[in-house]
Amino acid sequence: GENVEQHPSTLSVQEGDSAVIKCTYSDSASNYFPWYKQELGKRPQLIIDIRSNVGEKKDQRIAVTLNKTAKHFSLHITETQPEDSAVYFCADMEGGGNKLTFGTGTQLKVEL
Amino acid sequence: DAGITQSPRYKITETGRQVTLMCHQTWSHSYMFWYRQDLGHGLRLIYYSAAADITDKGEVPDGYVVSRSKTENFPLTLESATRSQTSVYFCASSPSYEQYFGPGTRLTVT
């Protein structure tokens with residue numbers, strides 16, 4: 001889509017706590033919303049995604065929710081572990097195309 | 001992940017030189033993409049391709065050229081490198097929605 005805002009830019013949680021990262025998008029035609037995890041010096045890796053006809057999707061400790069009316073979607077990580085520490089990027093895909101627009105990332109730190 | 005590779009992994013070049021970054025995928029994905037990643041900007045799309053011989057500009061195409069004569073290859077050329085093109089470059093491929101990234105090329109222009 002045109003613009004994707006991601007918050008917060010940094011997030012620090014205690015091990016075992018939950019973490020929530022939020023993104024808003026501007027293009028009402030956006031129909032696909034992936035989340036990527038990027039560890040230091042590594043490539044972004046797709047961890048979960050959701051399409052516009054679904055409100056929530058879960059995969060073990062991670063879940064994504066989508067509110068099309070408000071044009072925002074969120075990543076939820078429960079029972080956080082040190083290996084969850086990374087930069088997380090949200091993105092959206094404009095309707096009718098295959099291009100992703102990325103948010104600016106959230107640095108998640110899980111402290112022991 | 002071995003299905004998409006990039007070369008070189010690291011490159012140092014001088015201002016004004018031409019540089020080509022290579023991307024190769026073995027999945028026969030239709031779509032391929034080039035992104036650059038800079039601190040504070042996240043991932044920005046440079047060029048993308050929907051199929052062999054079909055390419056289009058992304059958000060930041062100036063100073064870059066692409067070609068795609070074969071489905072599996074999508075090289076990115078910096079015609080005359082500038083210091084502002086110092087960045088980490090990621091190639092990605094996709095069958096439709098999901099995009100899978102290569103390991104990246106760290107390019108430094110001196």
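First the proteins, then the strands, lettered A, B, ... as listed; each starts at 1. Fair warning: this is a prediction, and the values are worked out from it, not measured in the lab. Just so you know, these numbers use all the heavy atoms, side chains as well, and skip hydrogens, waters and symmetry mates.
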In Å, rounded to the nearest 0.5 Å, how long is the span from OH of B:Tyr35 to CG of A:Leu100? 4.5 Å
Region of A:Pro44 that comes under 4.5 Å of a non-hydrogen atom in chain B: both
In sequence, state the C-alpha distance, the side-chain angles, and the governing distance for A:Gln38 and B:Phe90, and then conclude on side-chain contact (heavy atoms from CB on, under 4.5 Å). CA-CA 12 Å; A:Gln38 187 177 27; B:Phe90 286 101; 3.5 Å; yes
Starting from B:Val88, can I reach B:Val60 by hopping between I/L/V/M/F/W/Y residues whose side chains sit under 4.5 Å apart? no
Heavy atoms from other residues, nucleotides or ligands near CZ of B:Arg17 exceed 12 (cutoff 6.0 Å): no
Could you give the distance from OH (B:Tyr97) to CZ (A:Phe33), rounded to the nearest 0.5 Å? 11.0 Å
Surrounding CZ of B:Arg44 (heavy atoms of other residues, nucleotides or ligands, distance under 6.0 Å), is the total greater than 12? yes
Listed by residue number, which members of residues 51-85 of chain A have a heavy atom under 4.5 Å from any heavy atom of chain B? A:Arg51
At their closest point, which heavy atom of A:Phe89 faces which heavy atom of B:Gln37, and how far apart are they? CZ-NE2, 3.4 Å
Under 4.5 Å from any heavy atom of chain A, what part of B:Leu45 do you find: side chain, backbone, both or neither? side chain
Within the supplied structure, the quantity of interest is the number of heavy atoms (other residues, nucleotides, ligands) at a distance under 6.0 Å from B:Ile54 CD1; does it exceed 12? yes
Drop me the distance from B:Glu98's CD to A:Asn98's CG, to the nearest 0.5 angstrom. 10.5 Å
Does one hydrophobic cluster hold both B:Phe33 and A:Tyr32, with members joined at side-chain heavy-atom distances below 4.5 Å? yes
Between atom CD of A:Gln45 and atom CZ of B:Phe101, what is the distance when rounded to the nearest 0.5 Å? 10.5 Å
Shared hydrophobic cluster, A:Leu11 / A:Val110 (ILVMFWY, side-chain heavy atoms < 4.5 Å): yes
Single-linkage hydrophobic cluster, 4.5 Å side-chain cutoff, B:Ile46 and B:Leu107 together: yes
Got a second to check how far A:Lys99's NZ is from B:Gln99's CD, nearest 0.5 Å? 11.5 Å
Do B:Tyr89 and B:Leu43 sit in one hydrophobic cluster, given that two such residues count as connected whenever their side-chain heavy atoms are within less than 4.5 Å of each other, even indirectly? no
In this structure, CG of A:Leu46 is separated from OG of B:Ser94 (nearest 0.5 Å) by 10.0 Å
